[in-house]
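Step one of this worksheet: look at the structure below.
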Amino acid sequence: MSNKHISERYEFRNIKQNEAEEAAEIERICFPPNEACSKKHMKDRVAGIADLFLVAIDKENGKMAGFLNGLATDDEILKDEFFTDASLHNPEGKNVMLLGLDVLPEYRSQGLARELVRRYLEREWGRGRKEIILTCLESKVAMYEKFGFKDKGIAQSTWGGEEWHEMGVKNQN
């Protein structure tokens, strides 16, 4: 799917306060229970850091097809606490820790995840962020490398009892 077609099919915007439950349900579908953000934590994120969400809304049916969300901080390493404590968000933080990239199964393999990441990076670079950092399973490293992220090796995070790779992409401006 071309960028033009994606732009015609989806509306990209910040999350709305009344969409926290929908986001939590998408998270439940996209991640195993040990990794997924709880409904409570998703509501806390939406309440406190809605401007660090980017959602894709299917224009045909009004359904949220996917989203990307993060937390700004001056930290340079993603800590497990970021997943559960939205109060750690610093609006002026130089870095963004990505907490989740979620695309519903019926919307996958169409370029939507790539477009969410591209738009998110562009927006955050425009806000003066220095680096975007995430953790992912080894099986997702190649995908994030295609999006421009560099593998920093095994992460300190043990969220969900998994071994994660820490990935980062620096602002080149």
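- Side chains of R9 and K59 form no contact here, defined as non-hydrogen atoms less than 4.5 Å apart.
- Without hydrogens or angle criteria, E22 side chain to E19 main chain gives no donor-acceptor distance under 3.5 Å.
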List the steps, then state whether side-chain hydrogen bond (donor to acceptor under 3.5 Å, both in side chains) holds for N14 with R123. CA-CA 11 Å; N14 287 350; R123 182 184 76 187; 2.9 Å; yes
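- The distance from the CE atom of M64 to the OH atom of Y107 is 11.5 Å, given to the nearest 0.5 Å.
- Residues I49 and A86 share a closest heavy-atom pair of CD1-CB, 4.3 Å.
- Across R129 and A72, no two heavy atoms sit closer than the pair NH1-CB, 3.5 Å.
- Counting heavy atoms from C-beta on, the side chains of S7 and R119 come closer than 4.5 Å.
- Annotation: side chain of V96 is not in contact with side chain of L71 (no heavy-atom distance under 4.5 Å).
- In this pair, F83 and W159 present their aromatic rings parallel. The plane angle is below 30°, not in the 30 to 60° band.
- Contact detail for C30 and L104: the closest heavy-atom pair is SG-N, 4.2 Å.
- By the side chain to side chain donor-acceptor pair (under 3.5 Å) test, E76 is found to be paired with K94, residues two or more places apart in sequence or in another chain being considered.
- With sequence neighbours excluded, the residues forming a side chain to side chain donor-acceptor pair (under 3.5 Å) with N34 are E162, listed by chain and number.
- The shortest non-hydrogen separation linking D75 to K79 is OD2-NZ, 2.8 Å.
- The structure places SG of C136 at 7.0 Å from NE2 of H165, a figure rounded to the nearest 0.5 Å.
- The closest side-chain heavy-atom distance from I57 to K63 is not below 4.5 Å.
- The two residues N69 and Y120 come nearest to each other via the heavy atoms C-OH, 4.0 Å.
- One finds the CZ atom of R114 at 11.5 Å from the CG atom of L101 (value rounded to the nearest 0.5 Å).
- Note: the hydrophobic cluster containing L112 also contains I29 (ILVMFWY, side chain heavy atoms under 4.5 Å, direct or indirect links).
- In terms of heavy atoms, V141 sits closest to M167 at O-CE, 3.7 Å.
- In terms of the side chain to side chain donor-acceptor pair (under 3.5 Å) criterion, H89 has no residue partners (sequence neighbours excluded).
- Between the OG1 atom in T84 and the CG atom in L99 there is a gap of 10.0 Å [rounded to 0.5 Å].
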